[in-house]
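Read the structure below first, then the notes.
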Number of protein chains: 2
Amino acid sequence: MLADVAAEAGVSPTTASYILNGRADEMRIAPATVAKVQAAVADLGYRPNRSARSLRTRRTATVGLVSDQIAGEQYGSSMLTGASLAARELDHLVVMGESGGDPELERLLIEEMLERDVDGVVYATRTARTVHLPQGLRGVRSVLLNCEDLDERLPSVVPDDEGGGRAAVATLLAAGAREVWVVGEDPVPEATAGPRRMAGIRAELATHGLDVAGLVRCDWSVTEGFEATSRWLAGGGRADGLVCMNDRLAMGVYQALAEAGLRVPDDVSVVSFDGSALAGWLRPALTSVELPFTELGALAVRRLLDPADHGGTDSVPMRVRAGGSVRPA
Amino acid sequence: MLADVAAEAGVSPTTASYILNGRADEMRIAPATVAKVQAAVADLGYRPNRSARSLRTRRTATVGLVSDQIAGEQYGSSMLTGASLAARELDHLVVMGESGGDPELERLLIEEMLERDVDGVVYATRTARTVHLPQGLRGVRSVLLNCEDLDERLPSVVPDDEGGGRAAVATLLAAGAREVWVVGEDPVPEATAGPRRMAGIRAELATHGLDVAGLVRCDWSVTEGFEATSRWLAGGGRADGLVCMNDRLAMGVYQALAEAGLRVPDDVSVVSFDGSALAGWLRPALTSVELPFTELGALAVRRLLDPADHGGTDSVPMRVRAGGSVRPA
DNA sequence: TGATGCGGCTGATTCGATTCAGCAGTGGTA
DNA sequence: TACCACTGCTGAATCGAATCAGCCGCATCA
């Protein structure tokens, strides 16, 4: 207890409190007194009671993180890692909840977090998309992670998918590809990754006077990638560069290419998005534009706890992680 | 505030408190009074202040979860999912921290959680292993998740790797395999998964009068699996059944078999451990003995919050997730 | 008729910090 | 010598619930 520390140091709890809160100068506490209190703290191994403090200050040194999916494709969890580390650096802890996409559970989780007076809430989605801020978070300090609310001007942190699209194409063009096909589309209307990557892809091709040579439609799964690509190849499809919308899809593409007797990268160069572990497991390793999930998570927490935050969207750059799937020029 | 509710209902805060804590019967509050208070609660949208409650009760309806790694190979995050869901069912939230294996950070995280009066701590590791309970958790209510402390008799929750090993072999034997090789070993002395699976594998083979035909040594990564298996095949290695110690490794094995012109499952049946998403992505889909991470996480939290928990280790069964990598008998 | 018991409720204290308002003592100034 | 300013510290209230120890009125019983 603070009272014990004060007694041990021979001062009042008030004085001890000021010293422990770094207000010694402001309150002109004598250096000797500060030293006495600090000695008492060390001596007694004093740890403040956070509940008591929170009761007065309404702050808990705790941030909430609600997500639709944390596990699954190993993405969400990297955001958590980043959030956890950034929170620690700022002397906070992360209270997390996974809604599984259930709005009712999401509501409950948010309510529970607010009851516990979290200092703010990070609202995250597994896939980049637009959302509407849940009712329960209106008026609550919050940051959107991997998603955006286009109506409000809420602080949000997303990957720079358009820049990623440009980088993917730049990699192919630098390797001499000229016939660039895109594999995958985004069937979810709210999803932002697909359209933005597409815009970047087109923009970069345009700087070389090119356009997308063609689009293989399929959703972002291994099996769909395999089947759609197989059909495309069977129909005489050909390209010297393929941009796959994510790594899983690219795995299916690899399988289809292999069955058709085409070699990566000798016959066709492949780049993809995600930069997941899977990219490194394929043979040859897949060159992939990395989703910076750890940074996204960390940045979201930093912005949440930054009183001077300006609001608006931060787009975090996506870097190319080179594998062996692009033929050297 | 509770006082507002009491005022609105025309009773004392004491009475309101008893009612809200389900002690109306015990305190023989008249049903009419109970109704008045409940109406006031609904009317005012009253939510208790958890900090105030915690200050008195020393309980926070919050559990800590410290892990060495949460992200990464998508395993840890499933434990989190299970923990989060189980916590919600018991009206708790999860405060999580990832130490990255750094003992100092781990110490800090535990300290911060204890300062915040978590009702207990789940101590988790990404890979199944033996550990020593951190100093900071001595005397603290805690449950080990995916690890065990062999010295103490602490409550811990782990997968039944030995049963998993038996199940893996049973699957191969049922398909007629007789020459069963095992790929992978565990280079980490504290790791428990490898030896236990091995014991199960041997035990199941023994019931058929068989033993492991041979062991391909390598650690549990795609590239190592590929290289070690390639060498083994090049040296004339042959088997009708392969047990791979995990799915990543099995992916490397697939690659090596493909390069050697061997077909799964026609030439060789393959089973593996993990039951990860990756298993489903391979062609043919990999038959894999599933690590029940979600259940492990949920069970750990339930035991943590069960005052009647008996201590000791719970081994959660591992089920075979059938793919197409075992040739039908 | 007084003691006893019980149903139904409440006053006052407590948890452990933060913080406002203010109080001694000292030295300087008019 | 009265006034003031400043240094260095403290008393007491406060945050919002939980809970112990009763209190009042009425029915029951010897």
Side-chain angles (χ1 to χ4, degrees), chain A residues 1-41 44-62 91 111-119, chain B residues 1-41 44-62 91 111-119:
Chain A
M1 282 207 354
L2 184 58
D4 297 340
V5 171
E8 167 108 355
V11 299
S12 73
T14 306
T15 302
S17 174
Y18 283 139
I19 291 169
L20 294 182
N21 288 308
R23 300 178 60 186
D25 282 1
E26 176 194 348
M27 290 292 142
R28 356 166 194 267
I29 312 286
T33 309
V34 172
K36 271 191 300 180
V37 169
Q38 282 168 346
V41 164
L44 301 174
Y46 170 73
R47 292 274 130 207
N49 179 314
R50 301 281 190 155
S51 297
R53 171 178 299 178
S54 301
L55 179 56
R56 280 243 54 184
T57 62
R58 316 243 108 205
R59 277 178 291 101
T60 51
T62 274
D91 285 312
E111 199 165 84
E112 293 253 343
M113 288 178 182
L114 296 182
E115 273 181 28
R116 284 173 182 75
D117 271 329
V118 292
D119 296 344
Chain B
M1 281 204 359
L2 184 57
D4 297 338
V5 171
E8 167 107 355
V11 300
S12 73
T14 305
T15 304
S17 174
Y18 284 139
I19 292 170
L20 294 181
N21 288 309
R23 299 178 60 186
D25 283 2
E26 176 194 346
M27 290 291 142
R28 351 164 199 268
I29 312 286
T33 309
V34 171
K36 272 190 302 181
V37 168
Q38 282 168 347
V41 163
L44 300 174
Y46 169 73
R47 295 271 130 209
N49 178 312
R50 301 282 190 152
S51 298
R53 173 178 296 179
S54 301
L55 179 56
R56 280 243 53 185
T57 63
R58 315 244 106 204
R59 277 177 291 101
T60 50
T62 274
D91 285 311
E111 199 165 84
E112 293 252 341
M113 289 179 181
L114 296 182
E115 274 180 27
R116 285 174 183 73
D117 271 328
V118 292
D119 295 344

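The structure displayed is predicted, hence computed values, not measured ones. Order of the sequence lines sets the chain letters (A, B, ...), proteins ahead of strands, with each chain counted from 1.
A:R56 contributes a side-chain N or O that forms a donor-acceptor pair with the base of D:dT14 under 3.5 Å.
At a threshold of 4.0 angstrom between heavy atoms, the contacts of B:R23 are confined to the sugar-phosphate backbone, with no base atom among them. Contacts of B:L2 with the nucleic acid, taken as non-hydrogen atoms under 4.0 Å apart, involve only primed sugar atoms and P, OP1 or OP2. Backbone-only engagement by A:R58 is indicated by non-hydrogen atom pairs under 4.0 Å involving sugar-phosphate atoms exclusively.
Out of D:dA17, D:dA18, C:dA17, the shortest distance to the side chain of B:A52 is found at D:dA17. The side chain of A:R53 has C:dT18 as its nearest neighbour among D:dA18, D:dG8, C:dT18. Comparing D:dA17, C:dG8, D:dT10 by their closest approach to the side chain of B:N49 singles out D:dA17. The side chain of A:R28 has D:dT7 as its nearest neighbour among D:dT7, C:dT18, C:dC15.
There is no side-chain donor-acceptor pair under 3.5 Å between A:S17 and A:T14. No side-chain donor from either of A:R50 and A:T60 sits under 3.5 Å from a side-chain acceptor of the other.
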Side chains of residues 33-40 of chain B: which donor-acceptor partners sit under 3.5 Å, not counting sequence neighbours?
none

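One finds a side-chain N or O of B:N21 lying less than 4.0 angstrom from the OP1 or OP2 phosphate oxygen of D:dA18.
Between the side chain of A:N49 and the backbone N or O of A:S51 there is at least one donor-acceptor pair closer than 3.5 Å.
In plain terms, the two heavy atoms of A:L2 and A:Y46 that are nearest each other are N-CE1, 3.4 Å.
Residue-environment remark: CG (B:D91) exceeds the threshold of 12 foreign heavy atoms within 6.0 Å.
Each of B:P31 and B:L55 lies near DNA chain C, and the nucleotide nearest B:P31 is the one positioned closer to the 5' end.
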Check nucleotides 21-28 of chain D against the protein and report each pair of N or O atoms closer than 3.5 Å, with its distance, or say if there are none.
none

